[in-house]
Colleague: 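I have a structure here, written as C-alpha cells, and I will follow up with some questions on it.
Here is how names work: the chains are called A, B, and so on, in the same order as the sequence lines, proteins then strands, and each is numbered from 1. The shown structure was predicted, so the numbers you read here are calculated from the model rather than taken from an experiment.
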Amino acid sequence: MSENGFGEPSKGAEQLALIKESARKSKGPRAKPRTWRGAALAEGLPVARVLVDKGLLHLDQYFDYAVPAAMDADARPGVRVRVRFGARVVGGRREGGTLHDGFVVERRADTDFHGPLAPLAQVLSAEPVLGPGLLNLCRQVADRYAGALADVVQLAVPPRMARAERDPSPDPLPAPAAPPPGTWTRYATGPAFLQALARGDAPRAVWLALPGPHWPQELAAAMATALAAGRGALAVVPDGRAAARVDAALTALIGEGHHVVLTADAGPEERYRRWLAVSRGSVRAVVGTRAAMFAPVADLGLVALWDDGDSSHAEPHAPQPHARDVLLLRARQEQTAFLLGGITTTVEGAQLVDSGWALPLAAPREEVRAAAPLIRTVGDADQARDEAARAARLPSVAWQVTRDALARGPVLVQVPRRGYVPRLACDHCREPARCATCAGPLELPDQQGSPACGWCGRPAVDWSCPNCAGTRLRARVVGARRTAEELGRAFPRVPVRTSGRDTVLATVGAAPALVIATPGAEPVADEGYAAALLLDGWALLNRPDLRAGEEALRRWALAAALVRPADQGGTVVVLAEPTLRPVQALVRWDPAGHARRELAERAELRFPPVSRMASVTGSPGALADMADTVRLPPATDVLGPVPLPQPARARRSTAPGADREEPRQRLLLRVPPGNGAALAAALKEAQVLRATRGGAEPVLVRMDPPDIG
DNA sequence: AGCACGCCGACT
DNA sequence: GTCGGCGTGCTC
C-alpha cells in the first residue's frame, strides 16, 4: 500500500493498459476493478459501492467506485463521500463530471460494472451515518412511496456538522429500572401492554388516551419500560411542545442521560450531536418530531406515535412519507412493539385494529366519564331562538358558561385561524360562496369592506347562490382577534391571553383568564381549564375534505381534553349542529366509534385507507403519455383525469411564462387492499421509463395523497 | 437532471 | 465551407 496513492509511475502504466483493454469491451459479471488515472487501490476491498445523492428516479441505483489506498481505512460502509459523477470519456481520458455527495453502502472485492472505475474523490468523514439498518429502512420507504432512495436518505440523515462529529458521545448508561404502571392502570389492557414490553415482546396497540394531562407520563412510562427491558424506544410527536412534555415526563421517570430530544429548536449542531449519540449507540431512547422517525436507535424495542391525525406528521419533502407509515415499516422490519396514541383515533388507526394487526388500548366507560368534561352544543336552531346571539355573535349559553367558569379558573376559547378575514357562505344553505368569475372564495377583506374574491380580488356584485339561489351572504367564521376583543370587553377585569400562529404559549396558570387560541396552539392549563368555547364549528366541518369530520372532532377533542372533568365543573360549549356525526362523537366522547364508522364508510365507498390510492399530476398530454406507459396492477381503477384548480399560485405567479402553462390535471389511481406496493412499483417503473426515454414532460406521483376531496 | 455527441439549416 | 439547432443516450 503506498502512502500517496496517486501518480505512482509503474502502476500508472498498468492502468493505461487496463484502459486500453476496456475499450475492447470486457465481459463477465465480476470484472476486477480498474480505474482511471494512476491510483493505487486499497488492497483488501478495492471497490466502494456508492449511493450518489441525486434524487433522480432513473439514477436510483448504486455506482461502484475505486477506493484509493489512502482512503482504505476511512471509506467504510455508511460514511459520507464525494464522487465525480457524470463524466464523459474522450479518447482515453475522463472529462468533466461534477462532484456529488454520496454514501458508501458496501465495500467489495469486485464490481459488475464493465468499465474502468472512477476513484472516490474524498471521504468527507469517517463517521458511519448510514448503517445497514437505516439504509434498509430508507429503501423500504422509497419503495412504499414510489420515490428515490437518495431523497429518503436526505430526510433520514441530518447534514454533517463537523464540530459535533469531533466530540465523543457519552458512554451508554445501564438500563433503568422499570417504572410503575402509574395511570396506565386506568386502561383495561394498559398493565398487560407494559408487561409485554417488559418481557421484551412486541405488543401492538392503538391507544385511545383519556382526556386530561396524563398522556405524556403514560407515553414516557411505555418508553421507560422498553428501556428497562434492555431495548431502545422511539416516540414521534407532532410538535416541540409535545416533545418537551414527554421529555419532562421521561426525565422525571428515569433521569437524564437515557434519552435525547430531536426537534428543530435545538439548532442544527446540537441536533446533530444528539443524533450522533443515538447513531453511536450512546443513547437508546428518542423523543422527537417528524424527522426523528428515522432515528437509528440501536436494538429498537418500541416505536410510538402521538396524535397521528396531526398534519405535521406528513413529511412535505419528496417522497412525502408519513410518520405513521415509516414507524409501521420499522415495527415490522425491526420486530418492535408499536403504540399509536391520541386523544382521538384516525381511520388508519381504526384500520390497524380492524385488520387485527393491533389491539385497541382504551379505558372502560366509567374512566371516560370520570375524565371527560361536560359537552354542550349550540346548533343553528338554538342560535336562531337566541336574540343575544344575533346581536353579539356569541350565544348566551357561551356567555353564561364563560362567566360561571371564570370564577373557578381559566377559560379556553378556540377560534379559527385567519384573524380578520372571514370567508363567506350562503346565508340560506351555507354553501361556501365562490367568485362567479374564477370560483375563488369570497372574503371580507376588512371589517367595513364589501365582499370580494380572495383569489382574483373582483368585488362580488349581485351574488346569488348557485345551490339555492339565495342572495344573502353570511360570515362563515368569526375572526380570532375580533372574538378576543369582544370577550375582553365583556369581562374587563379578566386578563386575555392569546396563543396562535406567531406566539404559541406552552402553559397558562390556574388563575382566571381568557385564553384565546387557534386549533393546535392551545396552551396547557396548570390545573385544567374550567371551561372551553369551541367557536369554529362549521368552519371546520365545511371543508371539502374526506377528513373534515375526523379533523373537526380531533381539534375539538384536543381542546376539550385540556378542560377539567365534568365532576369538577369542566364544561365545553361547541358551536355546531348536534345532529352531525363528529359533534355526537364529541358529546358521547367516543372518538373510537367515530373512527370505526368513518372506516366502514370509506370501505364501502372504496376510499383510502381501505383501498390504496396514488395521484398523478401533470399536463393533459403528460398524463395521457403516463397512462400509456404505466403497467398498472389488474384491478386498478383509473379516476379522472380532472382539472386541478390552481389556488395561491394564480395570485403570485412570478415565474416567466407561468401563465401560459397548460392547466394541470390530476389522475387518481385506486387499487384494492393489498395492492399498494404493486401500484407504487408500477408507477416508479413508468416514471423511470418516461424519464429515460427523454423529451417526456415530468408528472408528479404521490402515494396516498392526503388532500383528495 | 446535466452534459456531450450527432446529424441537418442560415451565415462569415 | 462552418456555427448551431436540440434529439438521444449515458452517468461507476
Side-chain angles (χ1 to χ4, degrees), chain A residues 5-6 15 18-19 21-39 41-42 45-68 71-72 75 77 79-124 130 135 142 146-154 317-319 618 621-622 625-626 629 655 657 684 686-701:
Chain A
F6 293 93
Q15 294 299 332
L18 287 166
I19 290 159
E21 184 192 276
S22 90
R24 284 185 255 123
K25 279 259 181 273
S26 64
K27 280 190 182 144
R30 287 291 152 102
K32 283 225 181 91
R34 290 162 288 117
T35 186
W36 300 94
R37 319 218 309 229
L41 300 187
L45 299 169
V47 176
R49 190 147 281 185
V50 173
L51 169 68
V52 180
D53 202 355
K54 257 181 150 240
L56 296 170
L57 277 179
H58 47 289
L59 290 179
D60 201 11
Q61 48 180 296
Y62 300 133
F63 292 89
D64 286 346
Y65 284 82
V67 180
M71 300 182 195
D72 187 21
V79 303
R80 296 181 219 253
V81 291
R82 253 211 256 274
V83 293
R84 209 162 273 287
F85 188 75
R88 308 250 79 215
V89 179
V90 181
R93 263 211 162 73
R94 296 171 64 75
E95 282 180 8
T98 43
L99 280 177
H100 286 273
D101 289 347
F103 299 88
V104 174
V105 296
E106 192 188 347
R107 284 289 296 271
R108 308 169 54 97
D110 50 24
T111 175
D112 44 23
F113 179 62
H114 299 180
L117 300 183
L120 295 176
Q122 187 188 355
V123 176
L124 285 171
L130 184 63
L135 178 63
L149 177 61
D151 281 342
V152 181
V153 168
Q154 204 148 39
H317 297 110
D625 177 56
M626 179 71 179
T629 309
K684 190 165 176 173
Q687 285 279 64
V688 171
L689 223 64
R690 278 173 39 81
T692 314
R693 202 160 56 205
E697 279 180 77
V699 295
L700 187 82
V701 169

Colleague: Walk me through it: do A:L41 and A:L117 pass the test side-chain contact (heavy atoms from CB on, under 4.5 Å)?
Modeller: CA-CA 11 Å; A:L41 300 187; A:L117 300 183; over 6 Å; no
Colleague: Which residues satisfy the side chain to side chain donor-acceptor pair (under 3.5 Å) test with A:D64, sequence neighbours excluded?
Modeller: A:R49, A:T111
Colleague: For A:D60 and B:dA1, what is the distance between atoms CG and C1' respectively, to the nearest whole Å?
Modeller: 14 Å
Colleague: Identify the residue among A:M71, A:R82, A:R84 that makes a side chain to side chain contact (heavy atoms under 4.5 Å, CB included) with A:L120.
Modeller: A:M71
Colleague: Restricting both atoms to N or O, compile the protein contacts to nucleotides 10-12 of chain C shorter than 3.5 Å, with distance only.
Modeller:
from   : atom 1 : to     : atom 2 : distance (Å)
C:dT11 : O3'    : A:G86  : N      : 3.3
C:dC12 : OP1    : A:Y65  : OH     : 3.4
C:dC12 : OP2    : A:A87  : N      : 3.4
C:dC12 : OP2    : A:R94  : NH2    : 2.5
C:dC12 : O3'    : A:D64  : O      : 2.8
C:dC12 : O3'    : A:A118 : N      : 2.8
C:dC12 : O2     : A:D64  : N      : 2.6

Colleague: Quick one: salt bridge (charged side-chain N to carboxylate O under 4.0 Å, His left out) partners of A:D60, sequence neighbours excluded?
Modeller: A:R139, A:K684
Colleague: Determine, for A:K54 against A:D101, whether the closest basic-nitrogen to carboxylate-oxygen distance falls under 4.0 angstrom.
Modeller: no
